[in-house]
Q: 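I'd like to ask some things about the structure below.
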2 protein chains.
Amino acid sequence: MPGVTQQPQRADARRNVQAILEAAAVCLSRDPDASVAEIARSAGVGRVTLYGHFENRAVLVEAVVVRAIEEGDAALDAVDLSGDAREALARLVRQSWLTVVQVGSLLTAAAEALGPERVLALHERPVSRVERLVDRGRADGVFRSDLPASWLVGTLHRVMHGAAVELDAGRLAPDDAATTITATVLAAFTPPGTPVPAVPDGVAR
Amino acid sequence: MPGVTQQPQRADARRNVQAILEAAAVCLSRDPDASVAEIARSAGVGRVTLYGHFENRAVLVEAVVVRAIEEGDAALDAVDLSGDAREALARLVRQSWLTVVQVGSLLTAAAEALGPERVLALHERPVSRVERLVDRGRADGVFRSDLPASWLVGTLHRVMHGAAVELDAGRLAPDDAATTITATVLAAFTPPGTPVPAVPDGVAR
DNA sequence: TGTAACTCGTACAGCGGTGTTCGACTACGG
DNA sequence: CCGTAGTCGAACACCGCTGTACGAGTTACA
């Protein structure tokens, strides 16, 4: 049994681990209920080998999710969140959308395998990023303060996920997605009594 | 084997069918993967008896969903959709929310067991109701026309479902739900450049 | 009150998933 | 070029689920 707790020592073993992680990401993004056998096959690896590197299905799923979140979060580091909170939100949406499209139904798989609260905990960094932006926007008076901040964050999250669903149902064109999401969220975040902003161009398209 | 195709003839049989349908509604609203055994037990009925009345798990699920949709749709008949489309939307949300809370994760179960397209087909009546209202609002210029109508309808649907999630995660107070949903959707539907309306009071609370 | 309709528990077969064991084989890396 | 870390497939036990079969018991209803 290869190093389940430690890093595997041999080069091919490490390569296999990576292959498994990537295959799992692909499979779980397509089908949240993908079986271990399916993932192993797709990684070009025996099922036994997979169990050699990951104790459980749950452990594997967690590893994949952690990886995906880290990558997504790293990509968000490049986004400029200064200036007008509305424009910053548009930029944030644009980048986040790329991640959301990639991960697909991975989070559904995670929710089933790890429980929703664990998934939420793993999301801590990206979520707090949005929270900070929302708070700033509220302080500046450009985002509404009549609803809980957590609700606004959740709405952003859900609108994006909804766009992913509409996308692969063919009811939303891939090129329109980012703009549509931004337009919707920006409007939803607008304080009552103030006009809904247009989507800043060149940002979300 | 009791009348699987025909109506059962004896009173207790009909009573059992009703009990099963109600128990299934409750169980599936809680857990979309509830087993047949669980449902039967919760209905105070043997598993065999259940299979006497419903060939499949799928058939049972479909029966429950059809029932729930019919009831929900019937309740919507009472809603006044005339006048200002924004106020009509608020009234519609208020009534729809009651149904959404009740059905919980039933639709998730339906999607797994029947496939998303079948579920969508069963929703035809309530969906077209919303579509008509959205179209009217757009014609009157109070709802935005820069996004697909299907997207707006989907957004309404998803915000409601999101509220249900937030609700039983304890992040949203039951009394605030309808108002929060209305405020969010009303804003999301507002055309760019025009002010976001306040939630009409006495309507959503 | 009798009979047909219905229900019950138990037991079974089948399926598809997870996780483990085994022994033989392969290729990495010193 | 050798020892060993790692891999392989096949087989196994186990689980929970669905759907079916049986035979005995109970209840509605005329």
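Per chain, numbering begins at 1; letters A, B, ... match sequence-line order.
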Q: My understanding is that only residues two or more places apart in sequence, or in another chain, count here; which of them pass side chain to side chain donor-acceptor pair (under 3.5 Å) with A:Arg129?
A: A:Asp73, A:Asp77

Q: Taking salt bridge (Lys or Arg N to Asp or Glu O under 4.0 Å) as the test, write out the residues that go with B:Arg86, two or more places apart.
A: B:Asp84

Q: Any side-chain to backbone donor/acceptor pair from B:Thr180 onto B:Asp176? Under 3.5 Å, distance only.
A: yes

Q: To the nearest Å, give me how far apart CG (A:Leu50) and P (D:dG9) are.
A: 13 Å

Q: For a quick check under 3.5 Å, do B:Trp151 and A:Thr184 share a side-chain donor-acceptor pair by atom type?
A: yes

Q: Tell me: CZ of B:Phe54 to C1' of C:dT7, nearest whole Å?
A: 15 Å

Q: To the nearest Å, how far apart are B:Leu60 CG and D:dC17 P?
A: 15 Å

Q: Check whether any side-chain N or O of A:Arg94 sits under 3.5 Å from a backbone N or O of A:Ala178 as a donor-acceptor pair, and report yes or no.
A: no

Q: Can you tell me how far apart CD (A:Gln18) and CZ (A:Arg67) are? Round to the nearest 0.5 Å.
A: 5.0 Å

Q: With the sugar-phosphate defined as primed atoms, P, OP1 and OP2, and the base as all remaining atoms, what B/S/- string results for nucleotides 19-30 of chain C, 5' to 3', for protein heavy atoms under 4.0 Å?
A: BBB-----BSS-

Q: Looking only at side-chain atoms of B:Ala13, point me to the closest of C:dT7, D:dC8, D:dG6.
A: C:dT7

Q: Atom CG of A:Asp33 and atom C1' of C:dG16: how far apart are they, to the nearest Å?
A: 13 Å

Q: Quick one: is D:dG6 close enough that its OP1 or OP2 comes under 4.0 Å of any side-chain N or O from A:His53?
A: no

